[in-house]
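Below you'll find the structure, written out as structure tokens, and then a few comments.
Quick note on labels: first sequence line is chain A, next is B, and so on, each numbered from 1. Keep in mind that the numbers below use all heavy atoms, side chains included, and drop hydrogens, waters and symmetry copies. Only a predicted model underlies this, so the values are computations on that prediction, with no experimental measurement involved.
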Amino acid sequence: MSQELMKKVVSLCKRRGFVYQSSEIYGGLKSAYDYGPLGVELKRNLMNAWWRDMVHRREDVVGLDASIIMHPRVWEASGHLAGFSDPLVDCLVCKERFRADKAPQLAAGQPAVLSFPDKGVAKRMHEQIEKQQELALERKGTELHGATAGDRGYVCPNCGSPWLSEERQFNLMFKSSLGATDPLGDVASAIEAGGLEGLSGRELRSKLEELTKPSAVYLRPETAQAMFVQFQNVLQSMAIKIPFGIAQMGKSFRNEITVEHFIFRSTEFEQMEMEFFCEPGTDDEWLAYWKEARIAWWRKFSNDPDKFKLRPHEPEELAHYAKGCFDIEYDYPWGWGELEGIANRTDYDLQKHAKHSGTKLDYFDPTDNKRFVPYVIEPAAGATRGVLVYLIDAYTEEEVATPRGTTETRVLLKLHPQLAPIKVAVLPLTKKDGMPELARQVVDRFFERGINAKYDEQHAIGKRYRRHDEIGTPWALTIDHESLSDGTLTIRDRDTMEQRRISIDGAVDEIERLLRVG
RNA sequence: GCGGGAGUAGCUCAGUGGUAGAGCGCGACCUUGCCAAGGUCGAAGUCGCGGGUUCAAAUCCCGUCUCCCGCUCCA
């Protein structure tokens, strides 16, 4: 059922020009998507709404648009260079994949007991292990006895098996090289000079890294670090006082271990992040403030506010630098999942960058002659996730009666008018009697006011209504015979399908009014 | 990355070795004129890609890419 919903949304996205797979004619590129003519409008509307509410409508938040490639030492300081490579291991018995550092610790030589969900599985695994490992085990119900832990010092968290694959490093940041000369040239020279002969795999790797390091740069895995790195510049150039925030929207890149759920988790994604700098001691209040403000913001544009919830992080779940954290989760078709994280990052980032850069990153409060390193509350939202959430939220099917006495399914996107790609469709009832000409004049009035309107005369009127329902156009204005004589037109509501007459001269003002109300 | 499923027209899918199909959608025209109406005609497919088996492959085999589900990670 819910998987059906996801399929329908994905299909509609392609059919109606919201989201296409990247490089599709070349077979597609894994986890890369392009936003089509309607998708780009939806995404921009969402991001502009965020910017408007987070920056323009507040005195205490300013914007930033930093470069995607920053000094590589930024990522040393932030911990991303180290922390983004977690050793992962596969269980050779049950095929579970897990993080080595989070697996149950068991000293070498200790008895390792394997356990499985039922006897059938246990029996099958028993035979498989004895065949593969040439080792006799004893089966007691769902458990297998007689194995011992290896030198690795841990066992599979799922079944308890000591038979594990090699630890594999996953480099989650996208690496590139800065400069017009190819760093592989240096590697080639080193090989020619014989400098790489006789090295072990590990030594060779570190040597190659050393050779390529001078030109190595990374695509940012999050937009946040730029706000810390530019903290001092913003503070000084804007004459702004704490508490204040720096907001930024933009692309980030992560080599995720697994990408999934359409645009939910992709290697290239778009974020809307804000770092709110406050005095230590006020951080708990600000975390409470921002988590409420942020979930209210998401709910504002939704048809189903109950599908958003705040989930506090368990202490053991918290990132090492975070003092407290709330996720805003959405009830996706596959279950609850993250949409935004609001974290109390303490002074961790500013301290780190101060130390690594040798620059003081603190704040002097002139009112009480106090100097301190601010704490940071970070509401970090996924913009591309937001697009997906509102598409799912908006997708609606309803049974409607036809004039022929049958019923049929009407598909509509109940997008919030401020998010809808096209705000208003202007339709001549027929292609005759000067209706198209008058309708075009009406569209021009919307163009002049910068409202995305669409003239449409193709097919019968009912079909045009339905097509605009499907792309979420909230209002349709129809020029009919009366329009020609009395200067009025009908305005049709997407959700109720109800119509009323308004004056043509007042149409633009009316849509602007509805857009503000909506 | 590992395990499972899938890829045929824009979309949804049928087609299991013998001339690539349907519905919807799309385009033109006729008719109608306020909720996917009817009619006529039409365009559209590297059957994901590459290789192999075969007289013959969408169909069988191998490889590969992509998508979906699970594990894991995160905005």
Pairwise P distance for B:G7 and B:U59, with rounding to whole Å: 12 Å
Distance-only donor-acceptor test, A:Arg492 side-chain atoms vs B:C34 base atoms, 3.5 Å: no
Sugar-phosphate only, base, or nothing, as touched by A:Glu270 at under 4.0 Å among non-hydrogen atoms: nothing
Touch class at under 4.0 angstrom, heavy-atom based, for A:Glu273 against every strand present: nothing
Pairing partner (Watson-Crick or G-U wobble, both distances under 3.5 angstrom) of B:A6: B:U66
G-U wobble or Watson-Crick pairing nucleotide for B:C47 (cut-off 3.5 Å, both distances): none
Touch class at under 4.0 angstrom, heavy-atom based, for A:Leu339 against every strand present: sugar-phosphate
Sugar-phosphate, base or nothing in reach of A:Ser11, heavy atoms under 4.0 Å: sugar-phosphate
Spacing of A:Leu427 atom CG relative to B:C34 atom P, expressed in whole Å: 14 Å
Inter-nucleotide C1' distance (B:A43, B:G27), Å rounded: 7 Å
Listed nucleotide nearest any side-chain atom of A:Arg466, set B:U72, B:A36, B:U12: B:A36
Quiz item: cation-pi between A:Lys175 and A:Tyr218, 6.0 Å / 45°: no
Nearest-neighbour nucleotide for the A:Lys432 side chain, B:A75, B:G33, B:C34 considered: B:G33
A:Arg254 charged N/C atom sitting above A:Phe269 aromatic ring, 6.0 Å / 45°: no
Ring-face cation contact, A:Tyr465 with A:Arg492, 6.0 Å cut, 45° max: yes
Test ring-ring contact (aromatic ring centres under 6.0 Å, His included) applied to A:Trp298 and A:Tyr390, step by step: CA-CA 9 Å; A:Trp298 286 109; A:Tyr390 285 126; 5.8 Å; yes
Distance between P atoms of B:U66 and B:C30 (Å, rounded): 49 Å
Distance under 6.0 Å and angle within 45° of ring axis: A:Lys14 vs A:Tyr20: no
No-hydrogen, no-angle side-chain donor-acceptor test under 3.5 Å, A:Thr490 and A:Gln499: yes
Stacked pair A:Tyr465-B:A36, distance under 5.5 Å, angle under 30°: no
Between P of B:G33 and NE2 of A:His481, the distance in whole Å: 9 Å
Sugar-phosphate, base or nothing in reach of A:Ser252, heavy atoms under 4.0 Å: nothing
Presence of donor-acceptor pair under 3.5 Å, side chain of A:Arg265 and base of B:C73: yes
Closest to side chain of A:Lys463, choosing from B:G33, B:A36, B:A75: B:A36
Side-chain-base donor-acceptor pair under 3.5 Å for A:Arg385 and B:C74: yes
B:G27 OP1/OP2 closer than 4.0 Å to side-chain N/O of A:His459: yes
Nearest-angstrom distance, P atom, B:A14 to B:G3: 27 Å
Presence of A:Gln458 side-chain N/O under 4.0 Å of B:C26 phosphate oxygens OP1/OP2: no
Sugar-phosphate, base or nothing in reach of A:Phe262, heavy atoms under 4.0 Å: sugar-phosphate
C1' gap between B:A44 and B:A9, integer Å: 6 Å
Touch class at under 4.0 angstrom, heavy-atom based, for A:Asp480 against every strand present: base
Interatomic distance, A:Asp456 CG vs B:C35 P [rounded to whole Å]: 17 Å
Quiz item: cation-pi between A:Arg294 and A:Trp290, 6.0 Å / 45°: no
Sugar-phosphate only, base, or nothing, as touched by A:Arg15 at under 4.0 Å among non-hydrogen atoms: sugar-phosphate
Nucleotide opposite B:C11 in a Watson-Crick or G-U pair, distances under 3.5 Å: B:G23
Base B:C74 to side chain A:Arg254, donor-acceptor N/O within 3.5 Å cut-off: no
Integer-rounded Å distance: B:G7 P and A:Lys7 NZ: 11 Å
side-chain N/O A:His261 vs B:C69 OP1/OP2, d < 4.0 Å: yes
From B:A36, B:C34, B:G10, nucleotide with atom closest to A:Lys14 side chain: B:G10
Sugar-phosphate only, base, or nothing, as touched by A:Thr223 at under 4.0 Å among non-hydrogen atoms: nothing
Atom C1', compared across B:A75 and B:G48: separation rounded to whole Å: 31 Å
Touch class at under 4.0 angstrom, heavy-atom based, for A:Ile25 against every strand present: base
Toward the 5' end of RNA chain B, by each residue's nearest nucleotide, A:Ala401 or A:Thr267: A:Ala401
Nearest-Å distance for atom pair CD/C1', residues A:Gln499 and B:G33: 13 Å
Pairwise C1' distance for B:C29 and B:U64, with rounding to whole Å: 47 Å
Pairing partner (Watson-Crick or G-U wobble, both distances under 3.5 angstrom) of B:A37: none
Under 4.0 angstrom between A:Arg467 side-chain N/O and B:C26 OP1 or OP2: yes
Geometric class of the A:Tyr332/A:Trp334 ring pair [parallel <30°, tilted 30-60°, perpendicular >60°]: parallel
Closest to the A:Met497 side chain, choosing from B:C68, B:G33, B:C35: B:C35
Counterpart base for B:C71, defined by Watson-Crick or G-U wobble contacts under 3.5 Å: B:G1
Sugar-phosphate, base or nothing in reach of A:Glu260, heavy atoms under 4.0 Å: base
NZ or CZ of A:Lys309 within 45° of A:Trp336 ring axis and under 6.0 Å: yes
Atom P, compared across B:U31 and B:A22: separation rounded to whole Å: 29 Å
